[in-house]
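So the structure is just underneath, and the comments pick up after that.
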Amino acid sequence: MAQAVEEWYKQMPIITRSYLTAAVITTVGCSLDIISPYNLYLNPTLVVKQYQYWRLVTNFLYFRKMDLDFMFHMFFLARYCKLLEENSFRGKTADFLYMLLFGASVLTGIVLIGGMIPYLSASFAKIIFLSNSLTFMMVYVWSKQNPYIHMSFLGLFTFTAAYLPWVLLGFSILVGASAWVDLLGMIAGHAYYFLAEVYPRMTNRHPLKTPSFLTALFADEPVVVARPENVRFAAAPFDEIHQD
């Protein structure tokens, strides 16, 4: 069993494996009181006035207490992050990382701006961790790129992947969870999908072109086809060699 888990972990692509590892270590560390969540949550005042910039990153790594909800989100993180990186972004690791950075920036911007809007500021002030929203963004992007895949929810009913975000949103409301978290993920996911795929088809412009420094950081290695051992190739015909 342990060997199977280790093999499954090693086969994960780099970004998925790194994010999943950081999320598990952070959440476990908080559960064991090794790390304090108070040092991780998104606090605009501490970020701006006390230069605690790490909060812009760490709030995406903590998935609250380790319970069924944590396992639920770890499953979605491992599954849909991996599906995106291995399929839609296969050979485009830099583009995938840029998608996550874009999503994190949109989510952070929404929370910061929403916190300044009357009547909404109280709701946005409660959103101090955006890890679940970023995971939901990945689910949304995957569903838009694979809309016709048939799925089943808890074996109760079937639907196509295009409706997956809405099914999960309905389930969150049903169990009493905050719908804001899922809605933010859907907004960020739709913003990325529109700017990365819909808008370029409409205008032939690409506003989300991956920065060159990320492309250089994850430069794809050339594919090398190994020549099988003990295989001999037939010599070219004599008349082909001596053609004028």
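If you're wondering where the values come from, they're calculated on a predicted model, not measured in any experiment.
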Expected list for residues 182-200: side-chain donor-acceptor pairs under 3.5 angstrom, two or more places apart:
unit_1, atom_1, unit_2, atom_2, d
D182, OD2, S172, OG, 2.6
H190, ND1, Y140, OH, 2.8
E197, OE2, Q145, NE2, 2.6

Can you list, pair by pair, the side-chain donor-acceptor contacts under 3.5 Å of residues 99-110, counting residues two or more places apart and other chains?
unit_1, atom_1, unit_2, atom_2, d
S105, OG, L101, O, 2.8
T108, OG1, A104, O, 2.8

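Scored by the side chain to side chain donor-acceptor pair (under 3.5 Å) test, N43 finds Y41 as partners (sequence neighbours excluded). For P147, the side-chain contact (heavy atoms from CB on, under 4.5 Å) test picks out A162, with sequence neighbours left out. For the side-chain contact (heavy atoms from CB on, under 4.5 Å) test, no residue two or more places apart in sequence or in another chain qualifies with S212. Applying the ring-ring contact (aromatic ring centres under 6.0 Å, His included) test to F171 and every residue at least two apart in sequence or in another chain returns F153. Scored by the side-chain contact (heavy atoms from CB on, under 4.5 Å) test, T210 finds A94, D95, Y98, L214, T215 as partners (sequence neighbours excluded). Residues forming a ring-ring contact (aromatic ring centres under 6.0 Å, His included) with F60 (at least two apart in sequence, or on another chain): none. Contacts of F159 classified as ring-ring contact (aromatic ring centres under 6.0 Å, His included), with partners at least two apart in sequence or in another chain: F157. Scanning for ring-ring contact (aromatic ring centres under 6.0 Å, His included) contacts around Y80 gives F76, W142, with sequence neighbours left out. Applying the side-chain contact (heavy atoms from CB on, under 4.5 Å) rule to R79 yields the partners F75, L83; only residues at least two apart in sequence or on another chain are considered.
The aromatic rings of Y62 and F129 stand perpendicular to each other, their planes meeting at an angle above 60°, with 30° marking the opposite boundary.
Note on residues 9-36: pairs passing salt bridge (Lys or Arg N to Asp or Glu O under 4.0 Å), not counting sequence neighbours, are E6-K10.
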